[in-house]
Each structure stands twice: as structure tokens, then as C-alpha cells.
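Data first, discussion second: the structure below is written as C-alpha cells.
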Amino acid sequence: MTAPSTPRPSDSPAGALGPLSLVLGAVAAASAWPTLTFLLFPWPLLAGGLAVTFGGMGIHYAGRGHGRLWSAVTGTVLGAVGLAVLFLLFATLY
């Protein structure tokens with residue numbers, strides 16, 4: 001007979017927001033390189049916006065004890081840097 005499965009607090013989906021933000025922020029920051037920006041155009045914009053959004057949510061939940069704060073903050077910063085470089089690049093071109 002199997003033991004009853006009760007969810008643990010660490011099983012919350014909120015714990016995945018920080019690492020997800022970190023991965024999306026890394027994509028946005030790496031795509032800020034001009035050659036990659038033009039080859040992968042819609043992805044830096046989407047990845048940066050989602051990294052900032054999920055990072056903010058991850059910071060909120062990390063303050064409540066779910067997830068890790070460092071990955072959420074790093075993902076938010078990388079996403080914001082990627083978006084800023086993307087906007088500056090397009091502002092100088094147009």
C-alpha cells in the first residue's frame with residue numbers, strides 16, 4: 001500500500017518562478033548582442049518582458065518563503081537589461 005501523498009510547501013508552482021525568470025532573463029540579455037537581436041527579433045522582447053514579470057512575482061513569493069530570492073532578482077535584472085539594450089538599439093536605428 002502506498003503512503004498518502006500530501007503536498008509539501010516546496011511543491012508549490014511559485015518555486016519555479018525564480019529559475020524561469022533567470023532563464024528568460026539570460027535569453028534576453030544574450031540576445032542583446034546586435035547580431036543575435038536581428039536574427040531572433042521577437043524572442044528578446046518576449047523573453048525580457050516575461051523575465052521581468054515572472055521575476056517580480058518570484059520576488060513576491062520568495063518573500064513569503066516559496067522559492068529563491070537570488071534567482072528571481074537576477075532574472076529580473078537580466079530581463080530589464082535585455083529590454084533596455086533592445087530599446088536603445090532600436091532607438092538609435094530609427
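All values below come from the heavy atoms of this structure, side chains included, with hydrogens, waters and symmetry mates left out.
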Atom of A51, atom of S21 and distance for their closest heavy-atom approach
O-OG, 2.9 Å

Only pairs under 3.5 Å count here: list side-chain donor-acceptor contacts from residues 77-90, not counting sequence neighbours, and write none if there are none.
none

What donor-acceptor contacts under 3.5 angstrom involve side-chain atoms of residues 52-59, with partners at least two apart or in another chain?
{"residue": "T53", "atom": "OG1", "partner": "G49", "partner atom": "O", "Å": "2.9"}

Heavy-atom check, side chain of P44 versus side chain of V27, under 4.5 Å:
no

Is it the case that the side chain of S31 and the backbone of A28 share a donor-acceptor pair, with hydrogens and angles ignored and the cut-off at 3.5 Å?
no

Might you point out which heavy atoms bring H66 and A14 nearest each other, and give the distance in Å?
CB-CB, 4.2 Å

Please check if W70 and L20 belong to a single hydrophobic cluster, counting links between Ile, Leu, Val, Met, Phe, Trp and Tyr side chain heavy atoms closer than 4.5 Å.
no

